[in-house]
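The structure appears right after this line, and notes come after that.
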Amino acid sequence: FYYLDVFGKSIIESLQKIKALDSKIFTKICKAFQLIVLDLSNIKKSKRFFGVLFYTLALRIFKYLSLYILLYAIISPLGYQVESHFILPVFVAFIFAEASASLPASGFMGFGVYQGVWAMIITILGIKIDNPLSISLAIQLISQVFAYSLGLISVLIFLVLMLKNRNNQK
């Protein structure tokens with residue numbers, strides 16, 4: 001991770017040497033990539049890289065642990081218990097489900113591939129449910145409502161602080 005900026009610079013230099021890719025879209029992509037590399041360089045120079053990496057990893061672990069608890073809360077009333085061999089496949093499922101949601105075409109109105117991955121993992125784990133898509137839909141809806149609630153609270157806090165700061169400046 002620490003050398004992503006160096007790796008990115010070498011990719012940009014290599015791509016710029018290819019004459020066949022000389023188009024407006026390619027130029028925009030290269031500029032966007034250069035901004036990412038610049039941000040990575042700035043993070044590295046400011047000695048914040050490992051802090052950013054730590055908080056990113058901690059956030060992901062917390063998120064996946066929360067999803068694991070949510071999955072257990074949904075399947076435990078159906079008679080399933082947490083087993084130690086479930087942990088790794090479930091965390092892999094979270095990663096695949098999250099990655100699938102980032103695909104350019106992940107479904108209709110955000111529903112589709114994410115639920116499909118969840119339903120597949122529920123089936124692979126041997127959890128016998130008539131409709132595993134309903135469980136995956138419940139997981140996504142609960143997690144989305146929670147995430148949007150946190151976002152709304154954050155925006156409200158930001159607005160209050162911004163208005164308070166503006167009033168203090170007057």
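This is a predicted model, so every value here is computed, not measured. Computed over heavy atoms, backbone and side chain alike; hydrogens, waters and symmetry mates excluded.
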Measure the OG-CG distance between S66 and L59 for me, rounded to the nearest 0.5 Å. 9.5 Å

Only pairs at least two apart or in different chains count here, so list each salt bridge (charged side-chain N to carboxylate O under 4.0 Å, His left out) that has a residue in residues 150-159. none

Measuring from L137:CG to Q144:CD, what's the distance to the nearest 0.5 Å? 10.5 Å

Please give the remaining members of the hydrophobic cluster of F54, linking ILVMFWY side chains under 4.5 Å, ordered by chain and number. Y55

Output every pair passing salt bridge (charged side-chain N to carboxylate O under 4.0 Å, His left out) with a member in residues 136-149, not counting sequence neighbours, ordered by first then second residue. none

Holding to side chain to side chain contact (heavy atoms under 4.5 Å, CB included), I want the full list of residues that pass it with I142, two or more places apart in sequence or in another chain. L70, I74

Apart from L65 itself, its cluster of hydrophobic side chains linked below 4.5 Å comprises I69

Linking Ile, Leu, Val, Met, Phe, Trp and Tyr by side-chain heavy atoms under 4.5 Å, what else ends up with M162? V155, F158, L159

Those residues that, when tested against I153, pass side chain to side chain contact (heavy atoms under 4.5 Å, CB included) (two or more places apart): I157

Can you run down the salt bridge (charged side-chain N to carboxylate O under 4.0 Å, His left out) pairs that involve residues 50-65, sequence neighbours left out, and say none if there aren't any? K63-E98

Identify whether F50 and L57 are in the same connected component of the hydrophobic contact network (ILVMFWY, side-chain heavy atoms under 4.5 Å). yes

Which hydrophobic side chains are connected to F146, either touching it within the sub-4.5 Å cutoff or through other members that do? L150

Any side-chain heavy-atom pair of N42 and L38 under 4.5 Å: yes

